[in-house]
Amino acid sequence: MLKKRIIPCLDIKDGRVVKGINFEGLRDAGNPVELASRYAQEGADELVFLDITATLEKRKTLASLVTEIAKEINIPFTVGGGINTPDDAEYLISRGADKVSVNSSAVKNPELINQIAKNCGSQAVVLAIDAKKVNGNWEVFINGGKTATGIKLTSWAKYGEQLGAGEILLTSMNNDGTKNGFAIDALNLVGNNVNIPVIASGGAGCLEHFTTVFSETNATAALAASIFHYNEISIPQLKTYLQQNNIPVR
Amino acid sequence: MIVIIKYNAGNTQSVENAVRRLGYDCIVTNDIEEIKKSDKVIFPGVGEAATAMQHLQANGLDLTIKGLKQPVLGICLGLQLMCNYTEEGNTNGLGIFDVNVKRFPPLDIVPHMGWNTLYNCKGELFTGISEEEHFYFVHSYYAEESPLSVAQCDYILPYSAALQKDNFYAVQFHPEKSGTAGEQLLKNFLSL
């Protein structure tokens, strides 16, 4: 039976993890390769690295980091942030990334999805969508959530699938950082309109939130950052809990 | 020497890394002589079947692979291209396995993406691997069940997750991305 995936997300700046560095007893949390290896050993099903480095020059740091991660990690990983051209994507994939995620750049230039899918395969393209509920309607936001696009969430998700995205990573801005649980309604909106895997993101705060998201939506994976980095929930603990609640996990 | 075949449809880097993690040396090449004289050949692949097949033909790699006598391991698209025919791009494969490859019916999410278990595992590839173990899959097309199956998987329908005929081995999942279970399988192949 296909299992639900648990995906820790690591925000990377200038080659270092920027979340989790304050956690005591987790001294090496600043080193992405070490943290990633630990998550992989603990049973993470995939990893996402999101580069929040602002400048182009620093992108080289990301490429060498991807090389290092790929050497160490024996599970799939996605790299996102600043991928604006098919060449950017191909370069990171040639360094060993399994997938790339595109967000704002794909909204500005939807053909990007198609081009990466053609060159590297659909399985390598994760369409990351930041969505916010505005006046009762889910809308797509870009530029780190700063800019409203006026595009309906479902329209964009469907179009992304048509263009060749292999997966959708849906982050609810209303839920992100609240620790109040995932956005069940947004996930169902997208899940009922596409036939590719949807990764739930934003709002994970406790064990129950994961059971809820997997039993009330057809999301095939759930992503979280701070609860794992700050050791509020460990991956083995989460896996055991999900198993006890009849959610199939590895 | 272990050779990983280089062509236009491979994320060869992950496979190379996995082989090196196990302590083996390897080269990634499309040089026919290098491939022929190697001890083991890995034929990886992600991407689209028709384009990949055209590329293999244009470079004479199709006949080379078919004629190999040493152990060969196809991975993912590699497995599909070793079959007779795939519905993807209406493509004739290498015909090593007398099996056809079809697209999953849209009865559930496609691609089949994530960790799944196997059953009816047989032969040297699966030595020391229990049927409780998980492997990482990502594919929209599947090889039909066949007498050549050495492992099966169930997603939407039962299909061949691994095939073997003589010196030719192939797996639909990605052992290079399947944690310790995948490492064991690669180790089994590399020590054949």
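Below, read A as the first sequence line, B as the second, and so on, with proteins coming before strands; counting in each chain starts at 1.
- Ranked by heavy-atom pairs shorter than 4.5 Å toward chain B, the options A:Thr220, A:Ile93, A:Asn119, A:Ile73 are led by A:Ile73.
- Here the closest heavy-atom approach between residue A:Gln123 and residue B:Met113 is recorded as O-CE, 4.5 Å.
- Atom OH of B:Tyr136 sits about 5.5 Å away from atom CZ of A:Arg5, to the nearest 0.5 Å.
- Of the atoms belonging to A:Ala70, heavy atoms from both backbone and side chain fall under 4.5 Å from chain B.
- The nearest pair of heavy atoms linking A:Asp45 to B:Trp115 is O-NE1, 2.9 Å.
- Nearest heavy-atom pair, A:Lys71 versus B:Arg21, reported as atom, atom and distance to 0.1 Å: O-NH1, 2.7 Å.
- Between the CD1 atom in B:Ile156 and the CG atom in A:Leu2 there is a gap of 10.0 Å [rounded to 0.5 Å].
- Heavy-atom pairs under 4.5 Å with chain B were tallied for A:Val198, A:Val249, A:Asn218, A:Ile196; the largest tally goes to A:Ile196.
- Of all heavy-atom pairs between A:Asp98 and B:Ser14, the closest is OD1-OG, 3.7 Å.
- Only the backbone of B:Glu176 comes within contact range of chain A, with heavy atoms under 4.5 Å apart.
- Here CZ of A:Arg95 is found 11.5 Å from CG of B:Asn17. Values are rounded to the nearest 0.5 Å.
- At distances below 3.5 Å, not a single donor-acceptor pair connects side-chain atoms of A:Asn74 with backbone N or O atoms of B:Lys177.
- For a residue to count as touching a neighbouring chain, one of its non-hydrogen atoms must lie under 4.5 Å from one of that chain's; by this rule B:Glu16 does not touch chain A.
- Only the backbone of A:Glu72 has a heavy atom closer than 4.5 Å to any heavy atom of chain B.
- Of the atoms belonging to A:Ala97, it is backbone heavy atoms, and not side-chain ones, that fall under 4.5 Å from chain B.
- With a 4.5 angstrom heavy-atom cutoff, B:His174 does not touch chain A via any of its atoms.
- By number of non-hydrogen pairs under 4.5 angstrom with chain B, the leading residue of A:Gly121, A:Ala124, A:Pro76, A:Gly96 is A:Pro76.
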- Take A:Lys3 and B:Thr117 through the side-chain contact (heavy atoms from CB on, under 4.5 Å) test and state the conclusion after the steps. CA-CA 9 Å; A:Lys3 305 303 189 292; B:Thr117 45; 4.1 Å; yes

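- No other option in B:Asp108, B:Asp154, B:Thr51, B:Thr180 has as many heavy-atom pairs under 4.5 Å with chain A as B:Asp108.
- When heavy atoms are compared at a cutoff of 4.5 Å, A:Ser122 does not approach chain B at all.
- Atom CG of A:Asn109 has more than 12 heavy atoms from other residues, nucleotides or ligands within 6.0 Å.
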